[in-house]
Amino acid sequence: MKLITAIINPFKLDDVRIELSHQGVHGLTITEVKGAGRQKGHTEMYRGAEYHVEFLPKVKVEVAVSDDMLEQVIEGLMQAARTDKIGDGKIFVTTLEQVIRIRTGEMGDAAL
C-alpha cells in the first residue's frame, strides 16, 4: 500500500477529485496549505502599497491506494493537476506499513 501526497493549485482540486473518483479512489484528505518553491511568490497591491507574497496558497491531497493502483492514480493526478506552468506542484509517494479501518477493524487493502 502507498500514500500519495500531491501538492496542487487550489483551482485544480475539482479536476483532481473527479479524476480520482473515475479511477475508483473513494477516500481522500484535503488540506489547505501554503508553500514556497521555484515559483518565487508574486507581488500584490494592498491599499496602494506593493508587497511581495512568498508563500502561495496550495492544496495538499492525500490518498491511500493499493500497490496495483499506484501508477494509474499518479498518471491521473498529473493529467488533472497539470497547467504546464511553473507552480503546478509535486507528488510524493510513501510506503504504508499498515492501514486499519476503525469502525470494522479491517486491515490492509480491505481497509482502503
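The structure presented is a predicted model; accordingly, all values stated were derived computationally and were not measured. Residue indices begin at 1 and follow the sequence shown. Computed from heavy atoms alone, side chains included, the values below leave out hydrogens, waters and symmetry copies.
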Novice: Go through the steps for M1 and V65 under the test side-chain contact (heavy atoms from CB on, under 4.5 Å), then give the verdict.
Specialist: CA-CA 6 Å; M1 296 171 296; V65 298; over 6 Å; no

Novice: Under the 3.5 angstrom rule, does the side chain of Q23 hit a backbone N or O of V73 as a donor-acceptor pair?
Specialist: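 At least one qualifying donor-acceptor pair exists.
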
Novice: With rounding to the nearest 0.5 Å, note down the distance linking CE in M107 to OG1 in T104.
Specialist: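 Here the rounded value is 10.0 Å.
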
Novice: What I want to check is whether the side chains of T94 and K2 have a donor and an acceptor closer together than 3.5 Å.
Specialist: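 Judged by distance alone, the side chains do not pair up.
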
Novice: Do I74 and M69 share a hydrophobic cluster (ILVMFWY, side-chain heavy atoms under 4.5 Å, transitive)?
Specialist: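 As far as the 4.5 Å side-chain criterion goes, M69 and I74 are connected within one cluster.
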
Novice: Flag the pair I30 / V59 as yes when at least one side-chain heavy-atom distance between them is below 4.5 Å, and no otherwise.
Specialist: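 Result yes, sub-4.5 Å side-chain heavy-atom pair found.
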
Novice: Please walk me through it: do L96 and V99 pass side-chain contact (heavy atoms from CB on, under 4.5 Å)?
Specialist: CA-CA 7 Å; L96 291 176; V99 176; 3.8 Å; yes

Novice: How far does NZ of K85 sit from CG of N9, to the nearest 0.5 angstrom?
Specialist: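 Going from the NZ atom of K85 to the CG atom of N9 covers 10.0 Å.
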
Novice: Would you mind reporting whether E75 and Q72 have side-chain heavy atoms less than 4.5 Å apart?
Specialist: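 Result no, sub-4.5 Å side-chain heavy-atom pair not found.
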
Novice: Would a hydrophobic clustering, with Ile, Leu, Val, Met, Phe, Trp and Tyr connected at side-chain separations under 4.5 Å, put I91 with L13?
Specialist: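 Same cluster.
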
Novice: Classify the side-chain pair D88/T83 by whether it contains a donor and acceptor separated by less than 3.5 Å.
Specialist: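 Indeed, the side chains of D88 and T83 share at least one donor-acceptor pair under 3.5 Å.
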
Novice: Is it the case that atom CD in Q98 sees more than 12 heavy atoms from other parts of the structure closer than 6.0 Å?
Specialist: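 Counting other residues, nucleotides and ligands, CD of Q98 exceeds 12 neighbours.
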
Novice: Please find the pair of heavy atoms, one from P57 and one from P10, that lie closest to each other, and give the distance.
Specialist: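 Where P57 meets P10 most closely, the heavy atoms are O-CD, 3.5 Å.
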
Novice: Grouping I, L, V, M, F, W and Y whenever their side-chain heavy atoms are under 4.5 Å apart, do M78 and I7 come out in a common cluster?
Specialist: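 No, because M78 and I7 fall into different hydrophobic clusters, even though each may have its own neighbours under 4.5 Å.
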
Novice: Strictly distance-based, threshold 3.5 Å: is any side-chain N or O of E62 a donor or acceptor partner for the main-chain N or O of L3?
Specialist: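 Between the backbone of L3 and the side chain of E62 there is no qualifying donor-acceptor contact (under 3.5 Å).
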
Novice: Hey, any chance L70 and F92 share a hydrophobic cluster, counting ILVMFWY side chains that come within less than 4.5 Å of each other, even indirectly?
Specialist: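 No, L70 does not connect to F92 through the hydrophobic network.
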
Novice: Would you please test I8 and K60 for side-chain contact (heavy atoms from CB on, under 4.5 Å) and show each step?
Specialist: CA-CA 6 Å; I8 63 170; K60 179 166 71 169; over 6 Å; no

Novice: Within the structure provided, determine whether V25 and E19 are in side-chain contact (heavy-atom separation under 4.5 Å).
Specialist: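 Sidechains of E19 and V25: no contact.
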
Novice: Take L28 and L20, measure what side-chain contact (heavy atoms from CB on, under 4.5 Å) needs, and give me the verdict at the end.
Specialist: CA-CA 9 Å; L28 58 119; L20 290 174; 4.2 Å; yes

Novice: Between E106 and A111, which heavy-atom pair has the shortest distance, and what is it?
Specialist: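 Taking E106 first and A111 second, the nearest heavy atoms are O-CB, 3.4 Å.
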
